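Since the structure is predicted, the reported quantities are computational estimates derived from the model, not experimental observations. Chain A is the first sequence line, chain B the second, and so forth, proteins listed ahead of strands; every chain is numbered from 1. The basis for the numbers below is simple: all heavy atoms, side chains too, and nothing from hydrogens, waters or symmetry mates.
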2 protein chains.
Amino acid sequence: MKLADLAALAGVSTATVSRALAGHPSVNTGTRERIRALAREHDVRPNQLARNLRLKSTGAIGLVLPLGHAKTQHLTDPFFLSLLGFLADLLVERGYDILLSRVIPDADDWLERVVDSGRIDGLLLVGQSDQFGVIERVAQRYRPLVVWGAHRPGQHHLTIGSDNVAGGRMAAEHLIAQGRQRLLFVGDPAPPEFADRLAGFAAAAHDAGVPHDVLATPMMPEAVNAAVAEHLARGAVPDAIFAASDVAAMSVLRALAEAGIDIPGTTAVVGYDDVTLAAHTSPSLTTIRQDLAIGAELMVDRLLKRIAGEPAESAIVPPVLIPRQSG
Amino acid sequence: MKLADLAALAGVSTATVSRALAGHPSVNTGTRERIRALAREHDVRPNQLARNLRLKSTGAIGLVLPLGHAKTQHLTDPFFLSLLGFLADLLVERGYDILLSRVIPDADDWLERVVDSGRIDGLLLVGQSDQFGVIERVAQRYRPLVVWGAHRPGQHHLTIGSDNVAGGRMAAEHLIAQGRQRLLFVGDPAPPEFADRLAGFAAAAHDAGVPHDVLATPMMPEAVNAAVAEHLARGAVPDAIFAASDVAAMSVLRALAEAGIDIPGTTAVVGYDDVTLAAHTSPSLTTIRQDLAIGAELMVDRLLKRIAGEPAESAIVPPVLIPRQSG
DNA sequence: AAACTTGTTGCAATCGATTGCAGGAATCGT
DNA sequence: ACGATTCCTGCAATCGATTGCAACAAGTTT
């Protein structure tokens, strides 16, 4: 039942009904209570769409996962789901709904379509994928936009992310401190997050005078598994592998186990993210943790500041090495 | 930029612009192309809210997790996140957006508010929690509503769920076949899903002439852990525990390990759900799998049927016992 | 030349709520 | 008793797109 119907029932105008339900002070106390009682009795629930249209505010935050570099990747990715869980909890606590979309950036105005749809008050983007340019362009004019990802000098869009260069460096230093000598990076070096992890990894190796290889592969589990298997079959057995993500690291573990290689005896493995699963693989996975609880809080905090018109800047969550059995 | 602005630029009415962009056949081909070119050039993106209001359809599906029995439970729950992942993938493939809310059912019209908000074309509810009555009431009049949960004879709302009674029964039979004699159910027996699991468990135990106990506890990890620890401290050491969920089962594993009890030598543990983690705990967790990929497909399929005005009925996903190390 | 199609476009109502402004009634001050 | 406040309520515009109906021009038929 809508406001106009209730107005007819109560013998007043919709204007008065609207004001009564909104608790507007200018409406007479008696009338207000009468209308409210009637509203309860007759199941009146105002149409949010109409309200949003008029007020130009929706109470919803967009949450988008752009899938440029892995068109077959699904929302079931544990890293994304975990971050999503934290973000959702925080946003709901603050009274926002979440409009979730998975976008495959084919048309190059995909981001414009999202922000100009009028359906959201702000947007959280998880991962820059290969859409750096698009994001920059939109961020120039659309303020309430926060991205999980890497920060480049001079960029205009607001990012929250872990320091991937530092994380990659930590991985390499940790492995080298164990005396590992033949380092291998496994993953897709194209997306900025992964590129930074590799850069830090390579820099630390270089500083220590240790050589390293790069095994570039798409991030899908079977692809990683196959790439590592083939690499091993060629007789190249590294004594340390740094995988671009935990999910990739788990495929690496599997490929090594299938090749009968001892972990960490022969080859150490270090992952990235510290997804919940990482503590429970066997052997359990040494990894670089991104603290998503903190990251999510930073994202939401910055986004709400931007929505309120206040300034807010990028921030970095420091990565932490979590040593476990795999290396 | 909105349609009216473009109309002014093109020297036509908004009506014509609307029809041109929608590809309505009655508009002159020349005019249509001229308007479309202008639209591309000037970044015209119609306001979805206004469109939705007029058309009374939104292209969004609500996804709600009611948290009646665990007011502190979060969206980070792995079972929910996993189902959410599957649902989101399916819905996005079909062109729907997802409006995600976590609801704490305090006011008893929480569900009415969601379905009458005008913001969604249909609703998926994950879990009935303790809100069976509310859901029944709304389902009487609101058709596009699909619930993940238990099916009661004579109920009106459409549910997809695993056969929890059969699942509970399988757990008990599996344990009894190993010669286990002192069975214990751990969990909150109030929500219908859990009640069914307990009912099947109890029935199978009764059929086999084996006694069983019930340790009722809230489902939060610390609560389960504490409840089991206290139970053990009272000297009652069961030789088999059936936990209402995998997450609860993991707390049970921890409590047993902390009490120095051998698993599965002294006490076997069986969980429910088969979350990804269950295969990776140590010892790995024997559990009753709910196939969420299939469940999600059934939910989306039924919901879209209902939205299209077609009839659709409840369905059941058969549970499967996954034997692992814990029992 | 009158009557009738056909093709294209615009007017204005509609979706349902919010709110500035105006106006009527009641109360107050002098 | 008359103007000035104060209080309350309703009118009507507004948010932006969609669409039935009417209108008009150009072409066709008789």
Chemist: Would you mind classifying the nucleic acid contact of Arg51(A) as base, sugar-phosphate or nothing, using non-hydrogen atoms under 4.0 angstrom?
Modeler: sugar-phosphate
Chemist: Below 3.5 Å is the cut-off: list the nitrogen or oxygen pairs between protein and nucleotides 20-25 of chain C, distance only.
Modeler:
{"from": "dG20(C)", "atom 1": "O6", "to": "Arg19(A)", "atom 2": "NH1", "distance (Å)": "3.4"}

Chemist: Side chains of residues 52-63 of chain B: which donor-acceptor pairs under 3.5 Å do they make with residues two or more places apart or in other chains?
Modeler:
{"from": "Asn52(B)", "atom 1": "ND2", "to": "Gln48(B)", "atom 2": "O", "distance (Å)": "3.1"}
{"from": "Thr58(B)", "atom 1": "OG1", "to": "Ala60(B)", "atom 2": "N", "distance (Å)": "3.1"}
{"from": "Thr58(B)", "atom 1": "OG1", "to": "Arg119(B)", "atom 2": "O", "distance (Å)": "3.2"}
{"from": "Thr58(B)", "atom 1": "OG1", "to": "Asp121(B)", "atom 2": "N", "distance (Å)": "3.4"}
{"from": "Thr58(B)", "atom 1": "OG1", "to": "Asp121(B)", "atom 2": "OD1", "distance (Å)": "3.1"}

Chemist: Using side-chain hydrogen bond (donor to acceptor under 3.5 Å, both in side chains) as the criterion, list what pairs up with Arg152(B), not counting sequence neighbours.
Modeler: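 Only Asp196(B) meet the side-chain hydrogen bond (donor to acceptor under 3.5 Å, both in side chains) criterion with Arg152(B).
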Chemist: Based on the rotation axes of five pairs at each end, what angle does the helix from dA1(C)-dT30(D) to dT30(C)-dA1(D) bend through, to 10°?
Modeler: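 End-to-end axis angle for the helix from dA1(C)-dT30(D) to dT30(C)-dA1(D): 60°, rounded to 10°.
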Chemist: May I have all residue pairs that pass side-chain hydrogen bond (donor to acceptor under 3.5 Å, both in side chains) and include part of residues 12-23 of chain A, sequence neighbours excluded?
Modeler: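 Sorted result for residues 12-23 of chain A: Ser13(A)-Thr16(A).
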Chemist: Find the distance between CG (Leu38(B)) and CD1 (Ile35(B)) and round it off to the nearest 0.5 Å.
Modeler: 8.0 Å
Chemist: Are any of the side-chain heavy atoms of Asp291(B) and Glu297(B) separated by less than 4.5 Å?
Modeler: no
Chemist: Ignoring hydrogens and geometry, is there a side-chain-to-backbone donor-acceptor pair from Arg94(B) to Leu90(B) under 3.5 Å?
Modeler: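 The answer is yes, because a donor-acceptor pair under 3.5 Å joins these two groups.
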Chemist: Classify the nucleic acid contact of Leu53(A) as base, sugar-phosphate or nothing, counting any heavy atom under 4.0 Å across all strands shown.
Modeler: base
Chemist: Go through the structure and list residues passing ring pair (Phe, Tyr, Trp, His ring centres under 6.0 Å) with His151(A), not counting sequence neighbours.
Modeler: none
Chemist: Determine which pairs satisfy ring pair (Phe, Tyr, Trp, His ring centres under 6.0 Å) with at least one residue from residues 9-28 of chain B, sequence neighbours left out, and list them in order.
Modeler: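 Qualifying pairs: none.
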Chemist: At under 4.0 Å between heavy atoms, what does Val17(A) touch on the DNA or RNA strands: base, sugar-phosphate, or nothing?
Modeler: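 No contact.
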Chemist: So, do Gln290(A) and Val317(A) sit near enough that their side-chain heavy atoms are less than 4.5 Å apart?
Modeler: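 Answer no - side chains too far apart.
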Chemist: Looking at Ser26(B), I'd like to know whether one of its side-chain N or O atoms comes within less than 4.0 Å of OP1 or OP2 on dT8(C).
Modeler: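 Negative; the distance criterion is not met.
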Chemist: On DNA chain C, does the nearest nucleotide to Thr14(B) precede the nearest nucleotide to Thr16(A) from the 5' side, or the other way round? Give the residue.
Modeler: Thr14(B)
Chemist: Kindly state which residues belonging to residues 27-50 of chain B come within less than 4.0 angstrom of DNA chain C, counting heavy atoms of the residue only, listed by number.
Modeler: Val27(B), Asn28(B), Thr31(B)
Chemist: Could you tell me which residues satisfy side-chain hydrogen bond (donor to acceptor under 3.5 Å, both in side chains) with Arg143(A), sequence neighbours excluded, listed by chain and number?
Modeler: none
Chemist: Within a strict 4.5 Å, meaning less than it, do heavy atoms of the Arg302(B) and Leu158(B) side chains meet?
Modeler: yes
Chemist: Looking at residues at least two apart in the chain, or sitting in another chain, which of them share a ring pair (Phe, Tyr, Trp, His ring centres under 6.0 Å) with Phe132(A)?
Modeler: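 Ring pair (Phe, Tyr, Trp, His ring centres under 6.0 Å) list for Phe132(A), sorted by chain: His157(A).
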Chemist: For a 4.0 angstrom threshold against heavy atoms of chain A, report the outermost contacting nucleotides of DNA chain D in 5' to 3' order.
Modeler: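 With heavy atoms of chain A under 4.0 Å away, the range is dC8(D) to dG16(D).
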Chemist: Got a sec, which residues hit side-chain hydrogen bond (donor to acceptor under 3.5 Å, both in side chains) with Asp301(A), two or more places apart in sequence or on another chain?
Modeler: Lys305(A)
